[in-house]
Amino acid sequence: MSKKTTSPGGSKKTGSKLNGAEIRQAFLDFMAETGHTIVPSMSLVPSDDPTLLFTNSGMVQFKGVFLGTDSRPYTRVADSQKVMRVAGKHNDLEDVGRDDSHHTFFEMLGNWSFGDYYKQEAITWAWQLLTDVWALPKDKLWATCFEDEKGVIPRDDEAADIWRGQPGFDASHLLFFGRKDNFWEMAEIGPCGPDSEIHIDRGPEYCDRQGVPGHVCHVNGDCKRFLELWNLVFIQYNRTGPQASDLTPLPKKHVDTGMGLDRIVSVLQGVDSNYKTDLFTPLLDTIQKMTGHNDQQRADNFTPYRVIADHARAATFLIGDGVIPGNTGRNYVCRMVIRRAFRFGRLIGFSEPFLAKVAETVVEHYGAAYPEIVKHKDSILRTITQEEYRFQRTLDVGVAHLNAILTHLEEHGEKTLSGEEAFNLYATYGLPLEITRDVARERGLEVDEADFDRAREAHAEASRTEVAVVGGEDVELYRDLLHTLQAGGKLGPDGVEYDPYNEPEVEEPLLALVKEGRRVSSARVGEKVEVVLPRTCFYIASGGQVADTGVIAHFKNADDEQPTWEIHVEDMRRPAAGVVVHVGTVKVGTPREGDQAWAGVDQDRRWDIMRNHTATHLLHSELRYFLGEHVRQAGSLVAPDRLRFDFTHNGMLTQEELSRVTRSVNEAILANYEVRVEYLDREAAIQAGAMALFSEKYGATVRTIQIGEPELFSFELCGGTHVPETADIGPFLIVSEEAAAAGVRRIEAVTGRAALDLMQQRLGALENVATYLKANPAEVDRKVLTLLDENDSAQKEITRLRRELMRRDFETLMGKVEDVNGVPVLAAVVKDVDADALREMTDWFRARTPSGVAVLGSVQGNRPHFVASVTDDLVMRGLDASKLVKAVAKVVGGGGGGKPTLAQAGGKDPTRLTEALAQVKPTVVEGLK
Ligand SMILES: [Zn+2]
Ligand SMILES: [Zn+2]
């Protein structure tokens with residue numbers, strides 16, 4: 001661990017001597033000493049914000065606190081947050097590696113106040129840390145505050161005065177800027193406020209626009225002399241609309257700050273580029289060691305070096321947070337950075353996978369601050385290498401193909417590659433759009449990216465999964481409702497009491513009904529409503545476990561059989577902090593606000609869910625035991641009818657592994673272990689070996705589920721509902737095991753009633769098969785094997801006969817050999833065969849014709865394809881098989897390539913096959929010249 005400062009501002013160790021890790025730690029230490037709770041970085045995968053691809057700023061994990069949908073046990077907090085910016089508004093990918101300061105992944109240092117301290121403390125501490133602890137020269141620092149250029153929102157004189165009062169601050173270094181630079185808004189409506197930035201003047205020698213006519217260096221200018229170091233946001237208003245009058249002061253004011261670690265380290269280490277800090281130099285050194293370049297060569301290739309270092313760092317952290325290379329969303333980004341780094345590796349001479357070595361250096365240097373990448377080191381390195389291998393096979397062909405298309409465009413004076421083609425390159429060769437764009441731009445062409453998105457959408461349509469976005473607009477409604485109910489004494493300070501763990505039913509007055517986004521006093525049969533009770537025992541979907549369903553009803557008399565009204569609860573949600581609603585439909589009568597209500601969970605269904613949840617924990621633990629510690633949960637669904645468990649593992653499980661896992665889960669069930677719930681301190685639980693999920697967010701105290709004694713069988717952080725003892729689960733059966741994504745397996749299993757159903761079904765089927773085979777059930781497998789054997793021989797016979805037919809076809813084809821300027825040339829269509837068959841036929845042709853040319857074409861799956869073969873002697877005379885296939889493929893709208901002696905190609909238009917083959921003769925004549 002690194003140096004601790006003794007008190008805020010008490011350290012005498014100056015910034016310039018600190019390494020990157022020490023600077024990160026010094027920030028956290030300083031914040032701890034000023035009363036901040038230090039929390040771990042949130043995962044790069046935002047756990048509860050489906051609108052965000054990645055955590056893209058330090059405040060993401062506190063967004064709910066500012067919006068009032070979430071609360072925390074602390075009011076001041078600080079962290080070093082992992083951040084990823086590759087898509088949308090913050091797309092810096094183009095600049096990564098080409099300049100000194102853009103990255104895909106980086107770290108944001110930040111401190112926050114939730115209605116606690118405000119401008120005075122935030123500014124004073126920032127000044128102390130920068131000038132006392134890190135000893136930055138006071139006369140080089142500048143501060144900016146907000147002044148509305150439209151004169152509507154008040155100027156932030158409060159912050160300005162605080163700046164002027166800082167010891168040693170030069171009052172002439174205080175500047176005001178308008179909305180673009182110094183006013184922060186989360187969205188069109190919601191929390192907002194002025195901000196104040198601290199900039200440093202690095203000196204005229206850092207200006208990269210010296211000599212540009214009219215250029216003057218200044219804060220927020222366009223050169224590199226002034227750098228913004230730290231942004232302090234003062235959230236003091238709530239915006240309810242676009243007008244100035246729509247800004248209302250917040251009762252509780254917040255502070256939100258952010259300082260990019262790479263940049264502050266570059267300043268403290270006195271270098272002119274983030275890539276020259278010790279956050280990057282070890283990675284660049286590793287690359288250099290592998291290439292064997294001298295320093296000049298390294299300098300000459302700075303873009304590939306930097307892209308590789310940046311992307312290796314990003315991939316390491318992404319995989320460390322459970323993201324795996326794939327085709328959509330986050331997975332696509334992970335794939336893209338690895339492939340893009342690999343392509344840049346090609347440019348500096350790497351021909352084999354190399355990126356894992358760089359990632360290893362990342363783990364070495366960042367592991368102390370982010371233990372998750374140490375813990376998952378093996379799977380990080382393996383995943384990266386595998387992705388490189390996967391790409392290596394197609395990269396060269398893909399880029400060659402792309403270059404051919406680009407040449408074609410250039411020849412026709414076109415400047416834009418269509419999105420359709422770019423998507424085909426991705427679908428066929430795995431070339432991410434970003435690489436296609438790199439290659440195109442290197443040749444001065446662009447890619448139609450909107451068109452690419454459309455093409456991808458069209459392909460993704462089938463596998464689309466809908467993400468439910470928790471409505472932003474009804475937060476207000478529910479917050480108001482909460483305040484009204486609290487003011488009326490109907491709800492306590494914590495709002496609706498949520499306890500799905502004890503009683504399965506409650507009796508409470510119906511506090512509020514909401515219909516179509518509005519509060520109503522009653523509802524009628526058939527209407528969809530949301531019901532608020534003072535407390536509830538219904539579980540809200542989370543951690544993979546689905547929500548409870550059940551009934552809310554009113555009975556006139558205690559012993560009535562029939563309810564006067566009844567609502568069927570179909571779902572549960574928490575639209576705002578402190579508010580839990582039952583989502584359902586009125587089935588009987590007219591529910592009214594104030595009625596006494598009985599609410600009961602569908603208990604049979606709940607038991608099925610609990611069985612599946614506890615079984616999921618047992619399965620997780622057994623998989624780790626049998627397959628190894630690399631197994632990590634990558635997704636989970638706990639439903640009443642089944643459980644689905646995704647986990648990181650390479651290669652399918654063998655039958656034996658599956659049956660061992662099934663057996664031992666069932667043994668754990670039979671052992672009837674007690675399932676204990678314990679609330680523990682988060683750190684202590686993790687120390688004790690509790691498994692925590694990468695994308696979960698935890699408070700200081702966590703709920704743990706422990707199974708087994710005296711030796712713990714399973715120990716997980718979990719908020720779900722469980723059976724009290726494992727024997728309650730009943731039988732456990734694995735239904736399927738398959739790939740969910742690259743490096744991720746998916747198991748589906750059933751327990752309890754569903755497992756019984758399955759066993760009865762399967763045994764019934766077995767009985768039936770036995771009857772068909774006229775065998776007893778125990779002999780069925782051997783009987784089937786015999787049948788399969790017979791079938792196999794029959795298949796072999798069919799294959800043999802087919803080849804014989806092919807031979808005959810070939811003999812017919814040989815009759816079509818023509819003499820072209822003394823060279824035997826065969827250009828012919830073969831009916832409905834694959835590329836392998838075409839290649840085999842060209843082999844036969846060579847065997848028969850020691851000197852000759854064969855180009856064969858066929859159509860399969862409505863797409864034409866070709867194989868061309870040229871004997872060696874004719875290659876010497878100027879013929880080239882790859883030129884031949886290109887010439888024919890062009891006619892059918894395709895392309896291809898290969899060696900001069902053997903090449904193949906594909907195309908689009910099957911109707912022009914014969915026309916395409918007509919190109920062979922002239923191309924041969926041309927080639928022989
Ligand atoms: Zn300048
Ligand atoms: Zn769980």
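Numbers here simply count residues along the sequence, with the first being 1. Counting starts at 1 for both ligands and their atoms, in listed order.
Between the Zn ion (ligand 2) and the N, O or S atoms of His613, the shortest distance is to NE2.
Remark: of the listed residues Arg632, Arg624, Arg745, His630, His630 is the sole one forming a side-chain hydrogen bond (donor to acceptor under 3.5 Å, both in side chains) with His649. The side-chain contact (heavy atoms from CB on, under 4.5 Å) with Phe732 is formed by just one residue from the set Leu619, Val750, Asn612, Leu618; it is Leu619.
Between the SG atom of Cys223 and the SG atom of Cys207, the angle centred on the Zn ion (ligand 1) amounts to 110° when rounded to 10°. Put simply, the angle at the Zn ion (ligand 1) from NE2 in His215 to SG in Cys217 is close to 110°, to the nearest 10°.
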Next on the checklist: For a side-chain contact (heavy atoms from CB on, under 4.5 Å) check, start with the C-alpha distance between His617 and Phe713, then their side-chain angles and the critical distance, and finish with the verdict.
Outcome noted: CA-CA 9 Å; His617 285 211; Phe713 192 89; over 6 Å; no
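One finds no salt bridge joining Asp608 and Arg605 here, because no Lys/Arg side-chain nitrogen approaches an Asp/Glu carboxylate oxygen to under 4.0 Å. A salt bridge links Asp272 with Lys276; the closest basic N to acidic carboxylate O contact falls under 4.0 Å.
Inclusion of His218 in the first shell of the Zn ion (ligand 1) is not supported: no N, O or S atom falls under 2.8 Å. His722 lies apart from the Zn ion (ligand 2) in this respect, since none of its N, O or S atoms is found at a distance under 2.8 Å.
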